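Just below is one structure, and these are the notes that go with it.
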Amino acid sequence: MPGMPEVTTVDVASSTANLEAGVAKSFGTLYRGGEGMWTWVLQRVTGVAVFFFLFVHVLDTALVRVSPTAYNSVIASYKTPIVNLLEVGLVGAVLYHALNGLRVILVDFWSKGPRLQRQMTWVIAAVWVVVMVPGIFFMLKHTVETIFGSTS
Amino acid sequence: MTTIEAPRSTGRNKQRSNFEMYSWLFMRISGIVLIFLVLGHLLIMNILDGGVQRINFAFVAGRWASPFWQVWDLAMLWLAMLHGGNGLRTIINDYAERDMTRFWLKSLLYVSVIFIVALGTLVIFTFDPNLG
(Lines give C-alpha, C1' and ligand atoms only; values in the text may rest on other atoms or scores of the structure.)
Protein backbone atom coordinates (compact mmCIF):
# COMPACT_ATOMS: atom_id res chain seq x y z
CA MET A 1 0.00 0.00 0.00
CA PRO A 2 1.51 3.41 -0.87
CA GLY A 3 2.43 5.54 2.08
CA MET A 4 2.47 2.64 4.52
CA PRO A 5 5.65 2.31 6.60
CA GLU A 6 7.78 -0.59 5.49
CA VAL A 7 8.45 -3.32 8.03
CA THR A 8 11.18 -5.84 7.44
CA THR A 9 10.65 -9.11 9.22
CA VAL A 10 13.75 -11.21 9.66
CA ASP A 11 13.30 -14.92 9.81
CA VAL A 12 15.77 -15.85 12.52
CA ALA A 13 15.65 -19.62 11.99
CA SER A 14 16.64 -19.47 8.33
CA SER A 15 19.42 -16.97 8.77
CA THR A 16 21.32 -18.40 11.73
CA ALA A 17 24.24 -19.33 9.51
CA ASN A 18 24.35 -15.77 8.33
CA LEU A 19 26.84 -13.33 9.81
CA GLU A 20 23.95 -10.95 10.49
CA ALA A 21 22.05 -13.54 12.50
CA GLY A 22 23.11 -12.01 15.80
CA VAL A 23 21.79 -8.64 14.70
CA ALA A 24 18.59 -10.18 13.41
CA LYS A 25 18.03 -12.00 16.70
CA SER A 26 18.43 -8.92 18.85
CA PHE A 27 16.17 -6.69 16.72
CA GLY A 28 13.59 -9.18 15.42
CA THR A 29 11.67 -6.70 13.34
CA LEU A 30 13.15 -3.49 12.04
CA TYR A 31 10.96 -0.47 11.36
CA ARG A 32 12.14 1.49 8.34
CA GLY A 33 9.89 4.50 8.06
CA GLY A 34 12.44 6.78 6.40
CA GLU A 35 12.01 10.57 6.64
CA GLY A 36 8.35 10.23 7.65
CA MET A 37 9.34 8.22 10.73
CA TRP A 38 12.14 10.57 11.79
CA THR A 39 10.02 13.73 11.40
CA TRP A 40 7.39 12.00 13.60
CA VAL A 41 9.98 11.01 16.24
CA LEU A 42 11.43 14.54 16.27
CA GLN A 43 7.92 16.04 16.55
CA ARG A 44 7.36 13.99 19.74
CA VAL A 45 10.79 14.74 21.22
CA THR A 46 10.58 18.51 20.57
CA GLY A 47 6.96 18.59 21.79
CA VAL A 48 7.82 16.95 25.13
CA ALA A 49 10.90 19.18 25.60
CA VAL A 50 8.94 22.38 24.89
CA PHE A 51 6.09 21.26 27.19
CA PHE A 52 8.49 20.77 30.14
CA PHE A 53 10.09 24.15 29.46
CA LEU A 54 6.64 25.79 29.39
CA PHE A 55 5.95 24.30 32.84
CA VAL A 56 9.13 25.88 34.28
CA HIS A 57 8.56 29.13 32.37
CA VAL A 58 5.09 29.73 33.88
CA LEU A 59 6.59 29.10 37.35
CA ASP A 60 9.45 31.58 36.84
CA THR A 61 7.12 34.22 35.37
CA ALA A 62 4.80 33.76 38.38
CA LEU A 63 7.58 35.37 40.47
CA VAL A 64 6.36 38.78 39.20
CA ARG A 65 3.61 38.29 41.82
CA VAL A 66 6.22 37.74 44.57
CA SER A 67 8.57 40.70 44.10
CA PRO A 68 10.48 42.54 41.34
CA THR A 69 13.75 41.40 42.96
CA ALA A 70 12.75 37.73 42.91
CA TYR A 71 11.70 37.97 39.25
CA ASN A 72 14.80 39.90 38.17
CA SER A 73 17.14 37.44 39.88
CA VAL A 74 15.61 34.39 38.14
CA ILE A 75 15.56 36.24 34.79
CA ALA A 76 19.27 37.00 35.30
CA SER A 77 19.94 33.27 34.92
CA TYR A 78 18.27 33.38 31.48
CA LYS A 79 20.93 35.89 30.44
CA THR A 80 23.96 33.71 31.29
CA PRO A 81 25.91 32.16 28.37
CA ILE A 82 24.92 28.54 29.07
CA VAL A 83 21.19 29.21 29.47
CA ASN A 84 21.43 31.53 26.44
CA LEU A 85 22.68 28.55 24.43
CA LEU A 86 19.76 26.45 25.74
CA GLU A 87 17.40 29.21 24.49
CA VAL A 88 18.79 28.73 20.99
CA GLY A 89 17.92 25.04 21.37
CA LEU A 90 14.42 25.96 22.59
CA VAL A 91 13.79 28.30 19.64
CA GLY A 92 15.12 25.64 17.24
CA ALA A 93 12.85 22.99 18.78
CA VAL A 94 9.75 25.23 18.71
CA LEU A 95 10.46 26.30 15.11
CA TYR A 96 10.86 22.68 13.97
CA HIS A 97 7.68 21.63 15.81
CA ALA A 98 5.76 24.52 14.19
CA LEU A 99 7.04 23.87 10.65
CA ASN A 100 6.56 20.11 10.82
CA GLY A 101 3.11 20.62 12.39
CA LEU A 102 2.22 22.74 9.37
CA ARG A 103 3.50 19.95 7.10
CA VAL A 104 1.34 17.39 8.97
CA ILE A 105 -1.72 19.66 8.54
CA LEU A 106 -1.01 19.92 4.79
CA VAL A 107 -0.64 16.12 4.55
CA ASP A 108 -4.00 15.74 6.34
CA PHE A 109 -6.05 18.43 4.60
CA TRP A 110 -4.40 19.33 1.27
CA SER A 111 -5.30 17.02 -1.61
CA LYS A 112 -1.69 17.00 -2.87
CA GLY A 113 -0.26 16.79 0.68
CA PRO A 114 0.32 13.03 0.96
CA ARG A 115 2.03 12.90 -2.46
CA LEU A 116 4.32 15.82 -1.66
CA GLN A 117 5.08 14.97 1.99
CA ARG A 118 8.73 14.06 1.30
CA GLN A 119 9.37 17.24 -0.70
CA MET A 120 7.68 19.26 2.07
CA THR A 121 10.16 17.73 4.56
CA TRP A 122 13.05 19.26 2.63
CA VAL A 123 11.19 22.57 2.29
CA ILE A 124 10.71 22.85 6.08
CA ALA A 125 14.35 21.88 6.65
CA ALA A 126 15.42 24.72 4.34
CA VAL A 127 13.04 27.24 5.99
CA TRP A 128 14.35 26.13 9.42
CA VAL A 129 17.96 26.86 8.40
CA VAL A 130 17.08 30.20 6.75
CA VAL A 131 15.26 31.40 9.91
CA MET A 132 17.74 29.97 12.42
CA VAL A 133 20.89 31.53 10.92
CA PRO A 134 19.91 35.17 11.63
CA GLY A 135 18.03 34.00 14.74
CA ILE A 136 21.17 32.42 16.24
CA PHE A 137 23.17 35.52 15.32
CA PHE A 138 20.88 37.89 17.26
CA MET A 139 20.31 35.48 20.16
CA LEU A 140 24.02 34.85 20.77
CA LYS A 141 25.29 38.36 19.91
CA HIS A 142 25.44 39.57 23.50
CA THR A 143 26.92 36.32 24.87
CA VAL A 144 29.66 36.24 22.21
CA GLU A 145 30.50 39.90 22.88
CA THR A 146 30.65 39.24 26.63
CA ILE A 147 33.01 36.30 26.27
CA PHE A 148 35.22 37.47 23.39
CA GLY A 149 34.86 41.24 23.73
CA SER A 150 32.91 43.66 21.55
CA THR A 151 33.98 43.89 17.95
CA SER A 152 32.68 47.41 17.47
CA MET B 1 -33.11 -16.75 1.75
CA THR B 2 -31.10 -16.68 4.92
CA THR B 3 -31.35 -14.02 7.51
CA ILE B 4 -28.21 -12.78 9.12
CA GLU B 5 -28.57 -12.34 12.86
CA ALA B 6 -27.96 -8.90 14.31
CA PRO B 7 -24.58 -8.66 16.08
CA ARG B 8 -24.89 -9.60 19.72
CA SER B 9 -22.38 -7.11 21.10
CA THR B 10 -24.20 -4.28 22.79
CA GLY B 11 -23.30 -0.92 24.19
CA ARG B 12 -19.62 -0.72 23.38
CA ASN B 13 -20.05 -0.05 19.68
CA LYS B 14 -23.13 2.14 20.00
CA GLN B 15 -21.73 4.44 22.68
CA ARG B 16 -18.46 5.31 20.94
CA SER B 17 -17.65 8.95 21.48
CA ASN B 18 -15.96 11.27 19.02
CA PHE B 19 -13.54 12.52 21.67
CA GLU B 20 -10.38 11.35 19.86
CA MET B 21 -11.55 12.94 16.59
CA TYR B 22 -12.12 16.29 18.32
CA SER B 23 -8.75 15.95 20.06
CA TRP B 24 -7.09 15.36 16.67
CA LEU B 25 -8.88 18.41 15.22
CA PHE B 26 -7.99 20.53 18.27
CA MET B 27 -4.27 19.77 17.80
CA ARG B 28 -4.41 21.15 14.25
CA ILE B 29 -6.52 24.24 14.97
CA SER B 30 -4.64 25.20 18.17
CA GLY B 31 -1.37 24.43 16.37
CA ILE B 32 -2.06 27.01 13.66
CA VAL B 33 -2.99 29.69 16.23
CA LEU B 34 0.07 28.81 18.37
CA ILE B 35 2.41 29.24 15.38
CA PHE B 36 1.55 32.97 15.40
CA LEU B 37 1.37 33.39 19.19
CA VAL B 38 4.51 31.42 20.13
CA LEU B 39 6.78 32.38 17.22
CA GLY B 40 5.74 36.02 17.75
CA HIS B 41 6.51 35.69 21.46
CA LEU B 42 9.94 34.13 20.80
CA LEU B 43 10.77 36.74 18.16
CA ILE B 44 9.97 39.63 20.53
CA MET B 45 11.47 38.10 23.68
CA ASN B 46 14.59 36.37 22.33
CA ILE B 47 15.59 38.00 19.05
CA LEU B 48 14.43 41.62 18.53
CA ASP B 49 15.93 44.69 20.20
CA GLY B 50 18.54 42.98 22.40
CA GLY B 51 16.46 39.85 23.08
CA VAL B 52 16.47 38.29 26.54
CA GLN B 53 19.09 40.76 27.86
CA ARG B 54 16.50 43.57 28.12
CA ILE B 55 13.86 41.57 30.04
CA ASN B 56 13.19 42.50 33.67
CA PHE B 57 10.24 43.36 35.96
CA ALA B 58 9.81 46.82 34.39
CA PHE B 59 9.71 45.26 30.90
CA VAL B 60 6.92 42.88 31.96
CA ALA B 61 5.04 45.76 33.64
CA GLY B 62 5.25 47.79 30.42
CA ARG B 63 3.87 44.93 28.33
CA TRP B 64 1.04 43.91 30.65
CA ALA B 65 -0.11 47.53 30.88
CA SER B 66 -1.66 46.80 27.48
CA PRO B 67 -4.75 44.55 27.26
CA PHE B 68 -3.49 43.40 23.85
CA TRP B 69 -0.47 41.59 25.35
CA GLN B 70 -2.53 40.33 28.30
CA VAL B 71 -4.97 38.65 25.90
CA TRP B 72 -2.03 37.41 23.77
CA ASP B 73 -0.30 35.81 26.76
CA LEU B 74 -3.53 34.40 28.19
CA ALA B 75 -4.49 32.77 24.86
CA MET B 76 -0.95 31.45 24.46
CA LEU B 77 -0.96 29.98 27.99
CA TRP B 78 -4.29 28.19 27.61
CA LEU B 79 -3.74 26.91 24.07
CA ALA B 80 -0.12 25.82 24.68
CA MET B 81 -0.99 23.98 27.90
CA LEU B 82 -3.98 22.20 26.33
CA HIS B 83 -2.03 21.42 23.12
CA GLY B 84 1.00 20.16 25.07
CA GLY B 85 -1.16 18.36 27.65
CA ASN B 86 -3.07 16.56 24.91
CA GLY B 87 0.20 15.65 23.20
CA LEU B 88 1.57 14.18 26.42
CA ARG B 89 -1.72 12.30 26.97
CA THR B 90 -1.22 10.67 23.55
CA ILE B 91 2.38 9.76 24.39
CA ILE B 92 1.38 8.24 27.75
CA ASN B 93 -1.34 6.21 26.02
CA ASP B 94 1.23 4.99 23.47
CA TYR B 95 4.06 3.96 25.77
CA ALA B 96 2.67 3.22 29.26
CA GLU B 97 1.47 -0.34 28.89
CA ARG B 98 0.08 -1.11 32.35
CA ASP B 99 -3.40 0.25 33.14
CA MET B 100 -2.34 1.59 36.53
CA THR B 101 0.79 3.26 35.12
CA ARG B 102 -1.34 5.02 32.50
CA PHE B 103 -3.89 6.05 35.12
CA TRP B 104 -1.33 7.59 37.48
CA LEU B 105 0.73 9.29 34.78
CA LYS B 106 -2.40 10.87 33.28
CA SER B 107 -3.67 11.90 36.71
CA LEU B 108 -0.34 13.62 37.39
CA LEU B 109 -0.50 15.26 33.95
CA TYR B 110 -4.05 16.60 34.42
CA VAL B 111 -3.31 17.96 37.90
CA SER B 112 -0.13 19.68 36.58
CA VAL B 113 -1.94 21.21 33.59
CA ILE B 114 -4.78 22.56 35.77
CA PHE B 115 -2.26 23.96 38.28
CA ILE B 116 -0.11 25.73 35.67
CA VAL B 117 -3.09 27.14 33.72
CA ALA B 118 -4.68 28.41 36.96
CA LEU B 119 -1.42 29.91 38.24
CA GLY B 120 -0.60 31.61 34.92
CA THR B 121 -4.12 33.01 34.56
CA LEU B 122 -4.02 34.35 38.13
CA VAL B 123 -0.65 36.02 37.51
CA ILE B 124 -1.82 37.75 34.31
CA PHE B 125 -5.03 39.05 35.91
CA THR B 126 -3.62 40.09 39.30
CA PHE B 127 -0.28 41.54 38.14
CA ASP B 128 0.62 44.66 40.16
CA PRO B 129 3.19 46.99 38.50
CA ASN B 130 3.68 48.87 41.80
CA LEU B 131 4.62 45.75 43.78
CA GLY B 132 7.64 46.02 46.07
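Chain letters run A, B, ... following the sequence lines, proteins first and then strands; every chain starts at 1. A quick note: this is a predicted structure, and the numbers were derived from the prediction, not measured. Quick note: numbers below take in every heavy atom, side chains included, and nothing from hydrogens, waters or symmetry partners.
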- On the 0 to 90° scale, with breaks at 30° and 60°, tag the B:Phe26-B:His83 ring pair as parallel, tilted or perpendicular. tilted

- Ranked by heavy-atom pairs below 4.5 Å to chain A, first place among B:Leu34, B:Leu131, B:Val123, B:Ile47 goes to B:Leu131

- Message: Donor-acceptor pair, distance only, cut-off 3.5 Å: does the side chain of A:Thr143 make one with the backbone of A:Leu140?
- Response: no

- Message: Taking every non-hydrogen pair under 4.5 Å, which of A:Gln43, A:Lys141, A:Arg44 racks up the most with chain B?
- Response: A:Arg44

- Item | Selection from B:Asp94, B:Val38, B:Leu48 maximising heavy-atom pairs under 4.5 Å formed with chain A | B:Asp94

- Item | Same apolar cluster: A:Phe52 and B:Met76, side chain cutoff 4.5 Å | yes

- Query: Given A:Thr121 and A:Trp38, is the side-chain hydrogen bond (donor to acceptor under 3.5 Å, both in side chains) satisfied, shown in steps?
  - Reply: CA-CA 10 Å; A:Thr121 302; A:Trp38 291 111; over 6 Å; no

- Which portion of B:Asp73 sits near chain A, non-hydrogen atoms under 4.5 angstrom: neither

- Item | Side chain / backbone / both / neither for B:Ile116 at chain A, heavy atoms under 4.5 Å | both

- Query: Once the angle between the rings of B:Phe57 and A:Tyr71 is folded into 0 to 90°, is it parallel (under 30°), tilted (30 to 60°) or perpendicular (over 60°)?
  - Reply: perpendicular

- Task: Select one option (side chain, backbone, both, neither) describing which atoms of B:Val117 are under 4.5 Å from chain A's heavy atoms.
- Result: neither

- Message: Counting heavy-atom pairs under 4.5 Å with chain B, which one of A:Ala98, A:Ala70, A:Gly47 comes out on top?
- Response: A:Ala98

- Query: Which bit of B:Met27 comes within less than 4.5 Å of chain A, counting heavy atoms only: side chain, backbone, both or neither?
  - Reply: neither

- Query: Using non-hydrogen atoms only, which part of B:Phe59 is less than 4.5 Å away from chain A: side chain, backbone, both, or neither?
  - Reply: neither

- Task: Check each atom of A:Phe109 against the heavy atoms of chain B and say whether the ones under 4.5 Å are side chain, backbone, both or neither.
- Result: side chain

- Note on the structure: When the 4.5 angstrom heavy-atom criterion is applied to A:Phe55 and chain B, the contacting part is both

- Item | Part of A:Val66 lying under 4.5 Å from any heavy atom of chain B | backbone

- Item | Whether B:Trp64 side chain and B:Phe127 backbone form a donor-acceptor pair below 3.5 Å | no

- Do B:Thr90 side-chain atoms and B:Asn86 backbone N/O form a donor-acceptor pair below 3.5 Å? yes

- Please determine if B:Glu20 and B:Arg89 form a salt bridge, counting it only when a charged side-chain N lies under 4.0 Å from a carboxylate O. yes

- Note on the structure: Among A:Val58, A:Leu90, A:Ile75, the residue with the most heavy-atom pairs under 4.5 Å to chain B is A:Val58

- Query: Can you tell which of B:Ile91, B:Val60, B:Ile124, B:Ile32 has the highest number of heavy-atom pairs within less than 4.5 Å of chain A?
  - Reply: B:Ile91

- Looking at A:Met139, A:His97, A:His57, which makes the most heavy-atom pairs under 4.5 Å with chain B? A:Met139

- Measure from the side-chain N and O atoms of A:Lys112 to the backbone N and O of A:Leu106, and report whether any donor-acceptor pair falls under 3.5 Å. no

- What part of B:Leu25 lies closer than 4.5 angstrom to a heavy atom of chain A: side chain, backbone, both or neither? side chain

- Message: Please check this pair: side chain of A:Trp128 against backbone of A:Gly92, looking for a donor-acceptor N/O pair closer than 3.5 Å.
- Response: yes

